[in-house]
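Beneath this line is the structure, given in structure tokens, with notes to follow.
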Amino acid sequence: MKKLMSMTLIAAMTMSLAACGSSSSGDGGEDAGASSGKKYIVATDTVFAPFEFTDESNQFVGIDVDILAAVAADQGFEYELQPLGFDAAVASLESGQSDAVIAGMSITEERQQKYDFSDAYFDSYVCMAVAEDGDIKSYDDLKGKTIAAKTGTQGSLCAESLKGKYGFDVQYFDESSLMYQDVVTGNSLACFEDQPVMAYGISQGNGLKIVTEEKENFSTPYGFAVMKGENAELLEMFNAGLANIIENGTYDEIVAKYTSAE
Ligand code: GLN
């Protein structure tokens, strides 16, 4: 009986949430978005599948790309998405050349000093991957060797935090695909990457396998970022739109589109 009542309560709350969601999206569209004519510049990564990448038909697609499109449609704002690379996207945000970043960007305490993040929209953690046919099993096998990391990422912070203890060198890349390539060719023995991205790459046959997972220290969800104290209206619209697309099932459809096995 108690359970039934709480379920009814949840149903009622969900309905009222949905109601206020749709009315606020209408308002947001009118005063802050389309009618003001402002076009927000949003920077992103270049190759970070399944979050952003160029597909076989040469379309720039992915979970971030579709989430932003759905949120903008829901809230009625215009934007231009610029694929710059992760480090370059963050630099462009900092220099004021873009208004926001959506790039599988981890919400961390350190970054929260500089940026305001949206609500989290995807869980992630760092892992280490090696060539699938190789015999590297753990950090202990990396002494005196070189590993690959991507500039400015959580993966690179993770690598830096381990390199002293395990005695490896870190070679930096600006693009995830170049980093994987360096491991496949054997120049680097391993690379550090976000687990959902590496798992997707492995499912697409990138030639790597995951050997270690850093869930404890490097579990960080993704958020949409603006500079601290700036573009508050955009951040608000992103959060409102995100809540709406989670509520109406669009969010789940987007994630399923890019992650379910064919
Ligand atoms: N999630 C990681 C970070 O924010 C990597 C993001 C990326 O490479 N696009 O550091």
Side-chain angles (χ1 to χ4, degrees), residues 41-54 60-68 81-94 98 100-129 147-163 170-183 188 190-202 204 206 208 210 212-228 235 238 254-255 258-259:
I41 308 289
V42 182
T44 187
D45 203 343
T46 46
V47 189
F48 201 57
F51 295 92
E52 45 265 349
F53 61 105
T54 304
F60 193 67
V61 297
I63 295 174
D64 284 344
V65 179
D66 285 11
I67 285 179
L68 181 60
L81 189 61
Q82 296 189 344
L84 304 174
F86 182 70
D87 201 41
V90 173
S92 134
L93 177 66
E94 293 197 357
S98 48
V101 169
I102 187 162
M105 184 170 176
S106 302
I107 304 171
T108 67
E109 268 178 39
E110 203 191 342
R111 287 178 179 162
Q112 279 171 324
Q113 313 295 313
K114 283 165 106 180
Y115 320 116
D116 287 329
F117 283 95
S118 69
D119 295 331
Y121 65 85
F122 205 93
D123 287 329
S124 179
Y125 58 88
V126 171
C127 69
M128 184 179 83
I147 65 93
K150 181 169 153 191
T151 315
T153 63
Q154 285 298 101
S156 75
L157 273 187
C158 182
E160 291 291 338
S161 76
L162 296 167
K163 75 172 188 184
V170 183
Q171 165 90 44
Y172 280 94
F173 295 86
D174 284 334
E175 225 178 73
S176 286
S177 55
L178 299 175
M179 174 169 85
Y180 306 165
Q181 206 46 49
D182 208 58
V183 180
S188 294
C191 65
F192 286 79
E193 178 63 287
D194 288 2
Q195 192 274 346
V197 172
M198 182 51 67
Y200 180 87
I202 290 170
Q204 302 294 305
N206 71 3
L208 303 180
I210 293 172
T212 64
E213 298 190 320
E214 289 290 336
K215 287 188 189 165
E216 217 156 279
N217 298 322
F218 290 91
S219 282
T220 44
Y222 295 163
F224 171 92
V226 295
M227 284 310 285
K228 207 166 184 57
L235 193 60
F238 188 90
I254 292 171
V255 171
Y258 293 102
T259 54

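Because the structure is predicted, anything quoted here is derived from the model rather than measured. Scope of the values below: all heavy atoms of this structure, side chains included, with no hydrogens, waters or symmetry mates. Whatever order the structure lists ligands and atoms in, that order sets their numbers, starting from 1.
When non-hydrogen atoms are compared, ligand 1 lies under 4.0 Å from neither the backbone nor the side chain of Phe51. In Thr153, the parts holding a heavy atom less than 4.0 Å from any atom of ligand 1 are both the side chain and the backbone.
Checking side-chain atoms of Asp64 against main-chain N and O of Gly104 turns up a donor-acceptor pair under 3.5 Å.
From the protein, the heavy atom lying nearest to atom 8 (O) of ligand 1 is Lys150 NZ, 2.7 Å.
To the nearest 0.5 angstrom, Phe192 atom CZ is 10.5 Å from Thr153 atom OG1.
Evaluated by nearest non-hydrogen atom to atom 4 (O) of ligand 1, the leading choice among Arg111, Gln154, Gln195 is Arg111.
In this structure, a donor-acceptor pair under 3.5 Å is absent between the side chains of Glu216 and Tyr125. Under 3.5 Å, the side chains of Glu193 and Ser176 contain a donor-acceptor pair of N or O atoms.
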Item to complete: Quick one: do Asp194 and Lys150 satisfy salt bridge (Lys or Arg N to Asp or Glu O under 4.0 Å)? Show the steps, please.
Response: CA-CA 11 Å; Asp194 288 2; Lys150 181 169 153 191; over 6 Å; no
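Within the 4.0 Å heavy-atom shell around ligand 1 one does not find Glu193. Heavy-atom distances between Gly104 and ligand 1 reach below 4.0 Å in at least one pair.
Those atoms of ligand 1 that come under 4.0 Å of a heavy atom in Met105, given as number and element, are 4 (O). Residue contact check: Tyr222 has heavy atoms under 4.0 Å from atoms 1 (N) of ligand 1. Atoms of ligand 1 lying under 4.0 Å from any heavy atom of Asp194, numbered from 1 in the order shown and given with element: 1 (N), 2 (C), 5 (C).
Contact check on Lys215 versus Asp123 returns no salt bridge, with no Lys/Arg side-chain nitrogen under 4.0 Å from an Asp/Glu carboxylate oxygen.
Here Tyr200 and Phe51 keep their ring centres 6.0 angstrom or further from each other.
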